Amino acid sequence: MKEGPDIAQIGALIGDPARANMLTALMDGRALTATELAEVGGITLQTASTHLSKLEAGGLLAQRKQGRHRYFALADDGVGKLLESIMGFAATRGHLRHRPGPKEPALRKARICYDHLAGDYGVRMLDSLIASGAILEVGDGLNLTECGEARLTSIGIDVTGLRSTRRPLCRSCLDWSERRAHLAGSLGKALLSNFFDKGWARRMENSRSILFTSEGERRFLALFPIEAGELDKGPESVDA
């Protein structure tokens, strides 16, 4: 086929093991130096620089300079969506890299996916929003309802401001560990930022894992119930 998008080029860029490791390391939304990414990829700095140039030319990475240092990050949330989708597909086909240790349960429970919440807690949040009528599934898309907008505004989410951006408000993202969808888009980002701002959770150093405090976990679970009895009670106020 000589016409249409060239998926072979993107596949080749992601398919190299060193480049795949570097891209995965940037899935937490941070910007890293070439030296840090070389360590992640298990390659020399010179080799890493060559790989990074290819990824940047292919539209997967963006570079920004700060003083004498150069930092690399995913080009946009579309790249994050692509990588998470590939991870989900690989998981359903049994292509997993098993690294046992204490980080694995934490990573599966709650982690950052580019800029939004993923893992068990990310899936729970979307399930709860759908079950309560705050978000409506329309085909393959998600729409925030009027009651959902009122509910999220009450906990400090500026939905009106989010609607004014070019980025989709609600978007589903396939979760590689749960193999179901979690919430992405500008709303997913705003909710995770809200949890951080309130002190409910923090990012673990050198990891994509997100660690909730005991109080933060209590409030999160109350705010996003999933069982029928929990939904009947309704979420408690986050300021209680």
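Bear in mind the structure is a predicted one, so any value in this text is a computation, not a measurement.
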Within a strict 4.5 Å, meaning less than it, do heavy atoms of the [X] and [Y] side chains meet?
| X | Y | result |
| --- | --- | --- |
| N143 | C170 | no |
| E36 | E39 | no |
| T33 | F72 | no |
| L55 | I14 | no |
| L74 | Y114 | yes |
| S186 | R163 | no |
| T160 | T153 | no |
| L221 | E217 | yes |

[Y] reachable from [X] in the ILVMFWY side-chain graph, under 4.5 Å edges:
| X | Y | answer |
| --- | --- | --- |
| W200 | L152 | yes |
| L83 | L61 | yes |
| V159 | L192 | yes |
| L107 | V123 | no |
| L129 | I155 | yes |

The salt bridge (Lys or Arg N to Asp or Glu O under 4.0 Å) partner of D175 among R111, R124, R180 is R111
Is there a side chain to side chain contact (heavy atoms under 4.5 Å, CB included) between L37 and N21? Walk through the geometry before answering. CA-CA 8 Å; L37 290 168; N21 286 336; over 6 Å; no
Nearest 0.5 angstrom please: [X] [atom1] to [Y] [atom2], how far?
| X | Y | atom1 | atom2 | value |
| --- | --- | --- | --- | --- |
| L136 | L142 | CG | CG | 9.0 Å |
| L183 | S128 | CG | OG | 11.5 Å |
| E84 | H116 | CD | NE2 | 6.5 Å |
| H182 | M125 | NE2 | CE | 8.5 Å |
| L191 | I157 | CG | CD1 | 4.5 Å |
| F196 | I210 | CZ | CD1 | 4.0 Å |

I'd like to know if the side chain of [X] and the backbone of [Y] have a donor-acceptor N/O pair within less than 3.5 Å.
| X | Y | result |
| --- | --- | --- |
| D76 | V79 | yes |
| D77 | G80 | no |
| T213 | A201 | no |
| S172 | A181 | no |
| R64 | Y71 | no |

One pair to check against side chain to side chain donor-acceptor pair (under 3.5 Å): R151 and S132. What are the steps and the verdict? CA-CA 10 Å; R151 174 182 170 187; S132 66; 2.9 Å; yes
Check the surroundings of atom CZ in R203: do more than 12 heavy atoms from other residues, nucleotides or ligands lie under 6.0 Å from it?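 Atom CZ in R203 is crowded, with more than 12 foreign heavy atoms closer than 6.0 Å.
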Measure from the ring center of Y121 to the ring center of F224 and say whether it is less than 6.0 Å. no
With T47, which residues qualify under side-chain contact (heavy atoms from CB on, under 4.5 Å), at least two apart? I43, T44, H51
Considering all heavy atoms, the nearest [X]-[Y] contact:
| X | Y | answer |
| --- | --- | --- |
| A34 | A48 | O-CB, 4.2 Å |
| A134 | L144 | O-CD1, 3.3 Å |
| A106 | M204 | CB-SD, 4.3 Å |

Take F195 and L117, measure what side chain to side chain contact (heavy atoms under 4.5 Å, CB included) needs, and give me the verdict at the end. CA-CA 10 Å; F195 305 153; L117 182 64; 4.2 Å; yes
Please lay out, stage by stage, how M87 and T24 fare under the test side chain to side chain contact (heavy atoms under 4.5 Å, CB included). CA-CA 10 Å; M87 290 177 184; T24 301; 3.7 Å; yes
